[in-house]
Amino acid sequence: MVSRSSRRKSDSKRNRKLLEKMLADGACLNHAPDVAEAASEIARLGVIDVQKRVYVRCANPRDGDLRYTRNRNCSGRIYLDEAIDRAGGEYQCPSCDRRVYPRGKQQFEELRCCVRPDGVKTWLEKTISKAKYTFKEMEPWFYRVITGEAEVYLCVVDYCEAHAKMNREWAIAQDNRAVWVSVNPRGKSERTIPEDWLRCVTLAELLSGEDDLPSILKEQADSRRPPVSGNAALPIYTKARRYPQVFEPISPPHPERVFIIEVRDKEVRVNGQVIIPANSSTGNRVFKMLYRQFIEDFTSGTPPEEFHAMNTDALCNALYDETGEEHADLDVVRKSVNRIQANIEKIVKRETGVAIDRHDIIQTQRWKGIGEGDYGYRLNPYSVAIRPDQTRKPET
Amino acid sequence: MRVKFNETMTKVGAPPAEFWENDLELGVEDILRRIAENGYLAEWAQGLDKRRTSVLCKNLGLKGGGLDERRAALAGRNGTLTPYLLVAHFSRGKSHAAIEELAKRSLPPDVVESCRVGEERYDILALLFALFHQDSELLRDVFHLDKIHRTGFARMTMATEARKPEKQSFQDFLHSEGVTQALDTADDSLRDGHTSELRDVIELDDRVLVFVRRGQRPEHIVRDNRIVHGHRPEWIILDFEPGAKRVNIASKSINESLEIANQLASVYFGKAVEYTNETEVTYAKQLDRLLSRLCNGKDETLEWVELLFGNSPLDGAPKIKISAQNAIGPAIQHFETAVGGLLGHLDCIESIKVRFAKKRVSVIFEREEDYEDDEFVVRYSDHRLNVFERRKFENYMRDEYGIPILSTEKRFKKES
């Protein structure tokens, strides 16, 4: 069962993600209950203006006029305006220029969020005041905050023009006693210099409650000079190019699919992902039987096409031999294998993004009665590679 | 003119006007008016190239020789040449893939080979002449199969549990009286005054294609300075899997075609069944991998040529489109370096276009309301590709990226 605290954490993360979307000035979001709720909440704080807009889609399979569209994939949205005659042919698709008659078409709602800089300023100042800290705006969007005995600087990087201070060397000279707040969600991840010692925070993190501004200010007020070298005056924040300027390495293409199987005492892993967890006892047993058969064929030098498959009868018998329990219903075993196959595909795709088919790990051989030869299930000898249990320690 | 035409056609063993006008939807009267002008057919014969004249001479039993001789011989065969002129008119705008595939199935290999132009191309008109000579009914097949290469198919799956009837296969059912009953029921429930007409059932590669023609929307034409009112015909194509558990639907209309498919299946299974739009989940990580490989030009089969992105990192978060005739991967990398990230924001990507088989194919990452944040349904504009290319594209996406890709076409029941 999911604990309360973990649910709170994931709620806050979800909330922060939503807020991030809204704090991109001009962003349009589909109207959904959670989005509307979050939007009205921060609109109440005065940080954003939210405008609800109604639109119809140029090409929508649920509309009767799809048959008249030339481009059935047109992505154009036609925003409705009370002042325009809906039946008078005054609406046109901005994408394909088709004349659109919104009457009778499915309507959608969207929220357009515009950040209010003055609202952001008021919220920040109120939050600092509430903590009983004194502050002075040295330059527009650049504050000196006194947290008891120490002082710390606060800069809103999106709007601040104090370029002489917004650089790495200035931050080092101030012993890193500065907090850099970005309103745009991309501010922290893409536009701020990637130095761990800098204290950057997004407005979404503050609004969602993930971070607390007074605590951050207090913490940063006690900061020491960072252990960094170099004298280049690199700007802390820039819209002129994206930080970091490196791309993540991508995994090489897989012309021939190979999956690494690791069978542990109580779980099975594929490419490092747990695909049969410890609590799935039947799943573990069934997989281990197929694994043993695979090893047997592997060590005996059997060619891949002749690797043996185990049918549901054989699996039932093997289960009985191991557990002493009768598995009378073959369907239960068959469904269990099918479930494992589906889980493997889902987990590998979801966690690694690597292309995998249902039969790449556990292969279903020919159906009973169709063709000749063996039928049932086996570990796929073409795409499975085995790896020893990495948790095993040498016996002492 | 019409009576005379039918007489001539009977004499030369060609089908009458009804076949051309109703079965092939070819307006004959205009062509006949032009034929009536002196020398029109001879002039047409003079314009035929060597492949076409060879096939025609062979069909009409004329002696070969040089190209000029063949042309002269053809010009002298006024009546027997008329149906071939109609075939030439019929050929306009028809899918090469459909004609080539049917020709390879129906004609002797040496005839097909004689119509070859290059490594991958055939002379389509020459093939049609040969097909017409073999059996004029084959033109009907061309007319119908041409449609499956041009329209997208909504992928539908049966939402109701139903057991296959033991007595009759679905293929047999489609040739029985039950079909008429199902179409009548569908017309009754649609209540739009139109009648569905079963035009053809073709079995192709283990699939059953059902062609239904139906009136769609009111339209009028001018004829002898008078307006003639009628309805634009709509072609509904139902591409059934052998057991009828799945069907692909091509049509202009949304609910009419679905109703017909539902009724056909209901009569076959003996209980009310319904088809619903198929969905298959793709995870965000898979799409990340796809976009990353496309962006870095690591995919040799697909070329990324367009990106439509909502809520861009530009001030005011406007929608942006990056489009080019060639790969946009470097442009996207430049944009990401200069302005801000694009690929990490899958929910902002409205669509992408990739070049496959020399055609620009739209791909969208659709979000369903009840799905998790990292779950998408990937769809593509399948009408841009012919049937064979679609199969290749879908297999490629599945094999290379593990992405099950569906058509952007969908069908819904009319909300009452």
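The model shown is predicted, which means the values in this text are computed figures rather than measured ones. In what follows, chains carry the letters A, B, and so on, assigned in the order in which the sequence lines appear, proteins first and then strands, with residues in each chain numbered from 1.
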Chemist: Could you check which of B:R398, B:K410, B:E409 has the highest count of heavy-atom pairs closer than 4.5 Å to chain A?
Modeler: B:E409
Chemist: So which part of B:D374 gets closer than 4.5 Å to some heavy atom of chain A, the side chain, the backbone, both or neither?
Modeler: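 It is the side chain, since no backbone atom gets that close.
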Chemist: Can you classify the ring geometry of A:F108 versus A:Y55 as parallel (below 30°), tilted (30 to 60°) or perpendicular (above 60°)?
Modeler: parallel
Chemist: Given that the side chain runs from C-beta out, which part of B:S381 has a heavy atom under 4.5 Å from chain A: side chain, backbone, both or neither?
Modeler: both
Chemist: Any side-chain heavy atom of B:W235 sitting closer than 4.5 Å to one from B:K147?
Modeler: yes
Chemist: Can you tell me which portion of B:I403 sits under 4.5 Å from chain A's heavy atoms? Options are side chain, backbone, both or neither.
Modeler: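 No part of it gets close to chain A.
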Chemist: Using the side-chain hydrogen bond (donor to acceptor under 3.5 Å, both in side chains) criterion, which residues pair with A:D25? Sequence neighbours excluded.
Modeler: none
Chemist: Apply side-chain contact (heavy atoms from CB on, under 4.5 Å) to residues B:I260 and B:S196 and explain how you reach the verdict.
Modeler: CA-CA 9 Å; B:I260 289 173; B:S196 307; 3.6 Å; yes
Chemist: Chain A heavy atoms under 4.5 Å from B:P404: which part of the residue, side chain, backbone, both or neither?
Modeler: side chain
Chemist: Which pair of heavy atoms, one from A:K349 and one from A:I356, lies closest together, and at what distance?
Modeler: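 In terms of heavy atoms, the two residues are closest at CE-O, 3.5 Å.
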Chemist: Go through the atoms of B:D347 and report whether side chain, backbone, both or neither lie under 4.5 Å from a heavy atom of chain A.
Modeler: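 B:D347 touches chain A through side-chain heavy atoms alone.
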Chemist: Counting only non-hydrogen atoms closer than 4.5 Å, does B:R384 touch chain A with its backbone (N, CA, C, O), its side chain (CB onward), both, or neither?
Modeler: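 Side chain only.
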Chemist: Looking at A:R67, A:E351, A:R186, which has the largest count of heavy-atom pairs under 4.5 Å with chain B?
Modeler: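 Looking at each of A:R67, A:E351, A:R186 in turn, A:R186 comes out on top.
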Chemist: For the residue pair B:H231 and B:R217, establish whether any side-chain heavy-atom pair is separated by less than 4.5 Å.
Modeler: no
Chemist: Are B:L287 and B:Y401 packed together at the side-chain level, in the sense that at least one heavy-atom pair is separated by less than 4.5 angstrom?
Modeler: no
Chemist: Using non-hydrogen atoms and a limit below 4.5 Å, what part of residues 68-78 of chain A faces chain B?
Modeler: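 Within residues 68-78 of chain A, near chain B: A:Y68, A:N71, A:R72, A:N73, A:S75.
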Chemist: What orientation do B:F393 and B:Y380 show, parallel under 30°, tilted 30 to 60°, or perpendicular over 60°?
Modeler: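 Geometry flag for B:Y380 against B:F393: tilted rings.
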Chemist: Under a plain distance cut-off of 3.5 Å, with no hydrogens placed, do A:E110 and A:Y79 share a side-chain donor-acceptor pair?
Modeler: yes
Chemist: Is it the side chain or the backbone of B:S253 that comes within 4.5 Å of chain A heavy atoms, both, or neither?
Modeler: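 Looking at B:S253, backbone and side chain both touch chain A.
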Chemist: Can you tell which part of A:R350 gets under 4.5 Å to a heavy atom of chain B, answering side chain, backbone, both or neither?
Modeler: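 Interface part for A:R350: both.
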Chemist: Answer yes or no: is there a side-chain heavy-atom contact under 4.5 Å between A:D118 and A:V120?
Modeler: no
Chemist: Check each atom of B:E300 against the heavy atoms of chain A and say whether the ones under 4.5 Å are side chain, backbone, both or neither.
Modeler: neither
Chemist: So which residue, B:E375, B:R411, B:K413, ends up with the most heavy-atom pairs under 4.5 Å with chain A?
Modeler: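 Highest number of heavy-atom pairs under 4.5 Å: B:E375.
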Chemist: Check each atom of B:S251 against the heavy atoms of chain A and say whether the ones under 4.5 Å are side chain, backbone, both or neither.
Modeler: backbone
Chemist: Do A:Q341 and A:T364 have a side chain donor and acceptor closer than 3.5 Å?
Modeler: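 Yes, because at least one side-chain N or O of A:Q341 sits under 3.5 Å from a partner of the opposite role on A:T364.
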Chemist: Report yes if some heavy atom in the side chain of B:L290 is under 4.5 Å from a heavy atom in the side chain of B:M397; otherwise report no.
Modeler: yes
Chemist: Tell me, side chain or backbone of A:K346 under 4.5 Å from chain B's heavy atoms, or both, or neither?
Modeler: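 Both the backbone and the side chain of A:K346 come within 4.5 Å of chain B.
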Chemist: Using 30° and 60° as the class limits, which term best fits the ring planes of A:W141 and A:Y159: parallel, tilted or perpendicular?
Modeler: tilted
Chemist: At a heavy-atom distance under 4.5 Å, which candidate from B:N311, B:I364, B:L308, B:T408 has the highest pair count against chain A?
Modeler: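 Of the candidates given, the most pairs with chain A belong to B:N311.
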